[in-house]
Amino acid sequence: MLSLSRRQFSAGALTEMAVFACCCTVAMLVAASLQLGTYDVVAPTIFFPAVQFALVMTALGVVFSLFRVGEAKSISAILVRTTIVLGVGYPIAFALFGYDQGESIARWVLASACLYTLGAVMTIRMAIATVLGSGVGMQRILVVGTGPEALAVESAINQLGPRRSVVVGFYPTGTEDAPQVAGVAGKAPCFPSSIDLPAIVQRFNVDEVIIAVREQRGGKLPIRDLLECRIGGVPVRELSAFYERVRGEVPIESLKASWLIYGDGFSQDTTRTIVKRAFDIASACILLLIALPVMLLTVVAIFLESGAPVFILQERVGRGGRAFLCVKFRSMRPDAESDGVARWASVGDERVTRVGRLL
């Protein structure tokens, strides 16, 4: 993980961003060369727009979670997200520098660059999936614990695609009354506690140890064995750190009070606060402009189906416990809560309009 202004960035995500940006740049250079009939790719009239194109598409890739490392992303999901990024980025790139390069030429160059980028990204993704599917470079994980948390770790790893990790087994700590993974068909084996943990790590070439035990106090963990593994170069991670790495999020049930107390995630220096706020406002304005046609159609559709009001206001709690009004498109009948009693929406709720179901 790399840190920048107290924010953690995955090295894998940064690598994906760099590869994607290179694909965009090369695709733009190739498209410009073919369309303009020149191969002088270092000329400012070609190279600078290519870099701008790559920056726009990479930024949108971040917005649409194209580079979330650890998330289970199939080839079809990658295809859809990449297509969305390129589709949204095309008019933005054209508006930024298309007119300077000649409207007619820029339109075809950018369209070709988007197609070439999509082809390059999908080719690289399928090649990576083929290599990972063959088991090359797969990380071998030992899970300390045999309870529900341990099973959840194996389930999370199995859901990742293509497979990047494999659970070699579970190691009991003595805190569980009965191992829940032993004898379960299709599960990794449960090692006996009579075998030293470092011996298992060495015997099965374990790359990482995950602590999947909720209660860790009172000497219930083999601290000396874990320390020996750590000194030997094998990373030892808690459950929350594991989920943060593979999913990009931390499930509430995996948290302990100490994780929140000692973590620096709540720290916000002045520079980061200003930069983040400026980025939020700029991104919101751009996305509102892009979504404006769809929003106008939504307003018309809601009004034609069930009349006014088109919007509803709901109170939400924001930073520092301050309340604010959230503006939403109305998705239910105007008299959905005419009795004054607020009720959660349910599956097949009759109060939801046809436009509301689509929303």
Side-chain angles (χ1 to χ4, degrees), residues 1 10-12 69-72 129 131-259 262-263:
M1 302 291 287
S10 166
V69 175
E71 180 183 346
V131 172
L132 292 178
S134 65
V136 176
M138 185 174 292
Q139 190 177 37
R140 301 172 63 82
I141 293 177
L142 175 66
V143 180
V144 176
T146 56
E149 293 82 8
L151 286 174
V153 169
E154 186 182 41
S155 177
I157 290 175
N158 291 337
Q159 289 173 2
L160 295 178
R163 291 287 300 278
R164 301 187 180 112
S165 306
V166 61
V167 176
V168 300
F170 300 89
Y171 189 80
T173 62
T175 59
E176 297 92 359
D177 295 333
Q180 299 184 27
V181 297
V184 180
K187 301 295 182 181
C190 182
F191 299 107
S193 57
S194 57
I195 304 178
D196 290 338
L197 183 62
I200 297 176
V201 170
Q202 183 177 8
R203 169 67 178 80
F204 291 92
N205 297 319
V206 173
D207 298 306
E208 185 178 27
V209 177
I210 304 297
I211 307 298
V213 179
R214 180 171 294 276
E215 182 55 58
Q216 302 179 10
R217 296 172 297 180
K220 296 179 180 180
L221 286 179
I223 299 298
R224 185 178 296 274
D225 289 348
L226 292 173
L227 181 59
E228 185 175 341
C229 294
R230 191 68 186 88
I231 294 175
V234 178
V236 179
R237 303 186 188 278
E238 288 189 321
L239 200 56
S240 56
F242 164 76
Y243 281 120
E244 185 176 21
R245 177 170 60 87
V246 302
R247 289 183 177 176
E249 59 186 17
V250 181
I252 295 177
E253 60 271 13
S254 70
L255 292 178
K256 299 191 298 295
S258 59
W259 191 88
Y262 297 114

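- The shortest side-chain heavy-atom distance between Val209 and Tyr171 does not fall under the 4.5 Å cut-off.
- Minimum heavy-atom separation, Arg140 to Val168: NH2-CG1, 3.4 Å.
- To the nearest 0.5 Å, the span separating CD1 on Ile200 from CZ on Arg203 amounts to 10.5 Å.
- Between the side chain of Asp225 and the main chain of Pro198, no donor-acceptor pair closer than 3.5 Å is present.
- Taking CD1 of Ile231 as the reference point, atom CD of Glu228 lies at 7.5 Å (rounded to 0.5 Å).
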*Quick one: do Leu142 and Leu197 satisfy side-chain contact (heavy atoms from CB on, under 4.5 Å)? Show the steps, please.*
CA-CA 10 Å; Leu142 175 66; Leu197 183 62; 3.2 Å; yes

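- Arg237 pairs by the side-chain hydrogen bond (donor to acceptor under 3.5 Å, both in side chains) definition with Glu208, not counting sequence neighbours.
- Of all heavy-atom pairs spanning Pro172 and Pro192, the tightest one is CG-C, 4.4 Å.
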